[in-house]
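Just so it is clear, the model here is predicted, and its values are computed rather than measured. First the proteins, then the strands, lettered A, B, ... as listed; each starts at 1.
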Amino acid sequence: MLNGVGREIPVDISGIGALRTYQKVTANGQVKNLQRSKERQRNPERNKIIESIEAAVRATGLRDGMTISFHHHFRNGDHVVNMVMETIAAMGIKDLTLAPSSLSDIHAPLIGHIENGVVRRIETSGLRGALAQAVSNGLMNIPVVINSHGGRARAIASGELPIDVAFLGVPSSDAYGNANGYSRENAAASACGSLGYAKVDALHAKQVVLITDNLVGYPNVPFGIPESQVDYIVVVDSIGDSKGIVSGATRYTNNPKDLLIAKCAADVIEASGYFADGFSLQTGSGGASLATTRFLREKMIAANIKASFALGGITQQIVELHEEGLIKKLLDVQSFDLRAVESLKNNRFHHQIDAEYYASPDNEGCAAHQLDVVVLSALEIDLDFNVNVITGSDGVIRGASGGHSDTAAGASVAIIVAPLIRGRMPSILDRVNTVITPGHTVDVLVTDQGIAVNPVRQDLLYNLKAARLPVISIEELKAKTDRIVGIPEPIQWEDKIVGLVKYRDGSIIDVIRQVKKE
Amino acid sequence: MLYVPGNHPGMIRDAHIYGSDAIMFDLEDSVSIKEKDAARQLVYHSLKTIDYGCTEVVVRVNGLNTPYGGADFEAMVRAKPDAIRLPKTETPEDVKEADALISRIEEQIGMVQGTIKLMAAVESALGVINAYGIATASKRLIGIAIGAEDFVTDLKTSRSAEGIELLTARSQILFAARAAGIDALDTVFSDVNDEEGFAREVRLIKQMGFDGKSIVNPRQIEIVHKLFAPSEEEVRKSVRIIEAIGEAEEKGSGVISLDGRMIDKPIVERARRVLELNDAVKNSYILAR
């Protein structure tokens, strides 16, 4: 049989099967879409661009009961969630599952959408502010599901949490959807650096809508999200408030207690047995864990030790060590300040990674499992070393699971830094109010008044004692605290479950109940 | 010696964790008039409740010529800090008056006489002139200190980076302390962010001969310790000197020599002091042991 260019092609070949022959005129109409090419030449910006969020929502076919997602790279400066949800609510769509990578104070308007039935269910890493308070008071009929960053990526990739439409705010995009967290053409007002969490949604969501306030020329390379994953683009006036997105610089803490803890954490790293040339590290957010890098820097210079990579949320502190040559490579899932954004833009070995690569427990390998040392904060820790980073001492949700359990499980040494006492509340309890990270993955607790080592890590205990660090048992640390502040009254809970905490593998590690009204 | 305002519960609770050799809870200038009673109660109960370990605890009370001084003494002797610090000491009589008052309270509550030590801060020209008299006014006295802020005001000048305005006062206080056989403590350096300026001042006062420095922020502790710490070489040499004496005493030989040099009494004294300092710095390095 002759095909479209006049060649004789058999209908069928044994071992391969039926052949589909080339046709001159394709099903789409023309071989070469001349009309479209002309249009593109005249209006290069018209490619995937849709005139409004409402039109984009309509184009995706979003309807009642579907799952939509957002990312939290704009942190508390985000305008995208509220903008999109307002449009969806006005269109009368109901019963949605909201699956953002996290939520902050600025998302309080979601309370109204929940009350009106627009949002039926939420899966997130964290909740803060009025929304968190309302959820803790029993706002929702179905409990909020709390995922770790790695756990969310795993759930989305495996199809356990299918996303129908992802609405992803991006600080720069071309008309075809090559998008990034900064711009090479101009200084994007809303630059957030890495798009690590959004990349997972872009890859796996059935439909992807980019929302940008900064349309740039094609092709917008390098990109965090490629055009091949993008369906529609909406250009709006503002996707966020730059002040809330990143701070100019994460400043070193001056709090003497944070510094004391940080210094001690650096001593622990030095003595741990993992402080060798080529080691890898991650520091969580929080004054003491960030400040640890300052003291570690001196030790690295003195011992002529260089780290092979730093992982996770990247900050100015980490960037400085990279530019000094002390950390060879940066794997950035989330950039915390402008210095990190600038570095991602300019430093060749500052690399943007997605959340699956970062911490998913269920793929062929994630960077978190390559970590030697991670330094993490905690709201509460108990005698079994279980850590709570989500509910406050009043039982109300006020935090995020984040990468806490992922990196604790992955790192060879997971160090928790916390002051013994916050305000009048002890940090060490018999049992934490909510378990985010199980104690068997936590190795060392560093406080302002001593270090406790998880008894399962006799090797670390031996090393730290040999270095003459002030190691005592966690029970003794707790007794020390209790002598000063006493033991707090237990929180009064209702029976109703308002939150389900998933461990990174998707199993339920704890539940959060409604706090009792006074 | 770390200054801690007597009206700040959080700071009082954690004052000892940073590794300063001494803490001074202040009831005087850092506490406003309307908080005097509250601060006195707070410090009293903190001293009764919190275990400050091996950190020396001092309380700066209000002067006996103020409406609060008497009550401060009554409460603080009972709270039993290591020492009470007298502010704005101008004459030996100021010290004697405080000494008598402490003695009366100690007797009243059945405390061993002389338990509570005294420190005196000199903060005026008159005080500097009377420094030796002050330093020898009481057996309880373990040290005198200079308080620079009030002193420069009294002198009608202000503090400079070089500290020339304090030179005479510092020297005078140091002489008085040495002559009386007690400690001499230097004043605070208030700009906590000027680490270089602070280090310069610490180097100066160490070279002058002061025993220590008053500080207003835990971040200053490490700088003082680093600068006051004897070098490894000094420590090694001192250990050998002390060993040589030990050996000589065993043998019963009167003349001691090391590496062909005779060791006389001042050298031995200095060696002892180096080792003491070394121990102090090491022990105060970090946390509860």
Student: Aromatic ring centroids of B/F189 and B/F198 under 6.0 Å?
Tutor: yes
Student: Have A/T391 and A/T434 got a donor and an acceptor in their side chains that come within less than 3.5 Å?
Tutor: yes
Student: So do the side chains of B/S46 and B/R13 get within less than 4.5 Å of each other, counting heavy atoms only?
Tutor: no
Student: What about the rings of B/F73 and B/Y68, do their centers lie closer together than 6.0 Å?
Tutor: no
Student: Of the backbone (N, CA, C, O) and the side chain (C-beta and beyond), which part of B/N193 lies under 4.5 Å from a heavy atom of chain A, both, or neither?
Tutor: side chain
Student: What residues of residues 206-220 of chain B make heavy-atom contacts with chain A at a cutoff under 4.5 angstrom?
Tutor: B/N217, B/P218, B/R219
Student: Who among A/V471, A/V485, A/N254 has the most heavy-atom pairs with chain B under 4.5 Å?
Tutor: A/N254
Student: Under 3.5 Å, is there a donor-acceptor pair between the A/N454 and A/D443 side chains?
Tutor: no
Student: Heavy-atom count check: over 12 atoms from other residues, nucleotides or ligands less than 6.0 Å from A/K299 NZ?
Tutor: yes
Student: Taking the side chain as everything from C-beta on, heavy atoms only, tell me whether A/Q317 gets closer than 4.5 Å to A/R339.
Tutor: no
Student: Please flag which part of A/L420 lies under 4.5 Å from any non-hydrogen atom of chain B: side chain, backbone, both or neither.
Tutor: neither
